[in-house]
Novice: 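Before I ask anything, here is the structure I am working with.
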Amino acid sequence: NIELLLGDHKTAIKKLAWPMMVSMFLVMAYNLADGVWVAGLGADALAAVGFITPSLMTLVGLGTGVGAGVNSLVARFIGSDNYKQANNTALHSLVLTVIISIVGAVVMCLALPTILDVMGAGSATQTALDYGYIVFGCMIVFIYSNVGTAILRSEGDVKRAMYAMAVTAIINIILDPIMIYTLGMGISGAAWATVISAAMSCISLGISRPIAIRRAMSASAMLTLPSVLTSPIAIAMLYCATTMVSSVMQEVSALQPMKL
């Protein structure tokens, strides 16, 4: 839809606005589904999600900031017919995504017990740790989804961004009751349902990559390092590494003596 961006601005606004509004509605439905299903586990489980969500949203907000920046820059470069810089900007935004995800996951997994203690989690601390280690360990799926959809919107392809959000919301709504109650995973099931649904969104973005990323990945003049960092193999390795950190920190937390 690059032609749409370069055409009449009134028509572009009309066609770009409604998919973005639908995407925002889906995000709210996505968060609401977690709260509804987790509430059935009791007050501690619902409180645990409440303690983790602000910290998670803070870090995901960094991805939203990167997405806003790349959205603006790519759209400007496309408008000036500078496709090389548009490609380069999109590719480097994904490098930043990987870096933020690695640093954020490690820092939060290490600092989470202290953060919860300062927030006064009390009896919900262990439940919050069970939930938090999973979502923070797999944080890349949340940040990558934000940045990927921002790149799509910068090219005028708001419908595919909306479809990615729809995939996330629908899968999360379906998986939540299955993993929480049917499989008996409890709060961990809620965390994994959230991660899996976000991962499906990332996969849908990866299957039909934005034009800027496809061009950048195929251009010989582009940097080699970003291409390596944003390959599916590297993403899979990062996922395994962050999940391993999450599991280790969970075991360490379980071994710590409880405070009287």
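Count residues from 1 along the sequence.
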Novice: Given the rule that I, L, V, M, F, W and Y join up when any side-chain heavy atoms are under 4.5 Å apart, are Leu46 and Leu116 in one cluster?
Specialist: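 Leu46 and Leu116: separate clusters.
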Novice: Would you say Thr194's side chain and Ala190's backbone share a donor-acceptor pair under 3.5 angstrom?
Specialist: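 Between the backbone of Ala190 and the side chain of Thr194 there is a qualifying donor-acceptor contact (under 3.5 Å).
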Novice: Per the side chain to side chain contact (heavy atoms under 4.5 Å, CB included) rule, which among Thr127, Ile115, Leu112, Asp130 passes with Ile52?
Specialist: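 The passing option is Leu112.
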Novice: Carefully, step by step, assess Thr89 and Ser93 under the rule side chain to side chain contact (heavy atoms under 4.5 Å, CB included).
Specialist: CA-CA 6 Å; Thr89 301; Ser93 71; 5.7 Å; no
Novice: Does any pair with a residue in residues 60-76 pass side-chain hydrogen bond (donor to acceptor under 3.5 Å, both in side chains), and if so which ones, sequence neighbours excluded?
Specialist: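 Residue pairs passing side-chain hydrogen bond (donor to acceptor under 3.5 Å, both in side chains), neighbours aside: Thr64-Asn146, Ser72-Arg76.
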Novice: Can you name the closest pair of heavy atoms from Val167 and Ser201 and give their distance?
Specialist: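 Closest pair (atom of Val167, atom of Ser201, distance): CG1-N, 4.2 Å.
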Novice: Nearest 0.5 Å, please: how far is CG in Leu94 from CD1 in Ile143?
Specialist: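 That separation rounds to 12.0 Å.
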Novice: Would you say the side-chain atoms of Thr53 pair up with the backbone N or O of Gly50, donor to acceptor, closer than 3.5 Å?
Specialist: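 Such a contact is absent between Thr53 side chain and Gly50 backbone.
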Novice: Does Val70 form a side chain to side chain contact (heavy atoms under 4.5 Å, CB included) with Ser154? I'd like the steps, not just the answer.
Specialist: CA-CA 8 Å; Val70 71; Ser154 70; 5.9 Å; no
Novice: Ile187 vs Val49, test: side chain to side chain contact (heavy atoms under 4.5 Å, CB included). Steps then yes/no.
Specialist: CA-CA 9 Å; Ile187 192 69; Val49 175; 3.8 Å; yes
Novice: Are the side chains of Pro113 and Tyr133 in touch, meaning some heavy atoms are under 4.5 Å apart?
Specialist: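 SC-SC contact between Pro113 and Tyr133 confirmed.
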Novice: If only atom types and distance count, is the side chain of Thr125 paired as donor or acceptor with the main-chain N or O of Gly122 below 3.5 Å?
Specialist: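 Side chain of Thr125 to backbone of Gly122: a pair is present.
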Novice: In the single-linkage hydrophobic clustering (I, L, V, M, F, W, Y; side-chain heavy atoms under 4.5 Å), do Ile173 and Met179 co-cluster?
Specialist: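 Cluster IDs for Ile173 and Met179 differ.
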Novice: Find the distance between OH (Tyr131) and CZ (Phe51) and round it off to the nearest 0.5 Å.
Specialist: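 Separation between the atoms: 14.0 Å.
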Novice: How long is the gap from CG on Leu96 to CD1 on Ile100, to the nearest 0.5 Å?
Specialist: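 Separation between the atoms: 5.5 Å.
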Novice: Report yes if the side chains of Trp192 and Cys138 come closer than 4.5 Å at any heavy-atom pair, otherwise no.
Specialist: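 Yes, at least one pair of side-chain atoms sits under 4.5 Å.
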Novice: At what distance, to the nearest 0.5 angstrom, does CG of Leu129 lie from SG of Cys109?
Specialist: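 Result: 10.0 Å between the selected atoms.
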Novice: What's the shortest heavy-atom distance between Ala90 and Val74, and which atoms?
Specialist: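 Minimum heavy-atom separation between Ala90 and Val74: N-CG2, 4.2 Å.
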Novice: Which residues end up grouped with Phe77 if you chain together Ile, Leu, Val, Met, Phe, Trp and Tyr wherever their side-chain heavy atoms are less than 4.5 Å apart?
Specialist: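 Grouped by the 4.5 Å side-chain rule, Leu73 form the rest of the cluster around Phe77.
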Novice: Check for a donor-acceptor pair, side chain of Asn88 on one end and backbone N or O of Lys84 on the other, with a separation under 3.5 Å.
Specialist: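 Here the side-chain-to-backbone pair does not exist.
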Novice: Where the side chain of Thr168 meets the backbone of Ala164, is there a donor-acceptor pair that is under 3.5 Å apart?
Specialist: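 Yes, Thr168 side chain to Ala164 backbone: donor-acceptor pair under 3.5 Å.
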Novice: Do you know the tightest heavy-atom contact between Ala124 and Ala48?
Specialist: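 Result for this residue pair: O-CB, 4.2 Å.
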Novice: Tell me the closest heavy-atom pair linking Gly63 and Val147, and the distance in Å.
Specialist: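 Residues Gly63 and Val147, closest heavy atoms: O-CG2, 3.6 Å.
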Novice: If you measure from CG on Leu41 to OH on Tyr181, what distance do you get to the nearest 0.5 Å?
Specialist: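 Between atom CG of Leu41 and atom OH of Tyr181 there are 4.0 Å.
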Novice: For residues Phe142 and Val195, determine if any side-chain heavy atom of one lies less than 4.5 Å from a side-chain heavy atom of the other.
Specialist: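 Result yes, sub-4.5 Å side-chain heavy-atom pair found.
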Novice: Please report the interatomic distance CG(Leu59) to CE(Met139), rounded to the nearest 0.5 Å.
Specialist: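 Reported value, rounded in 0.5 Å steps: 5.0 Å.
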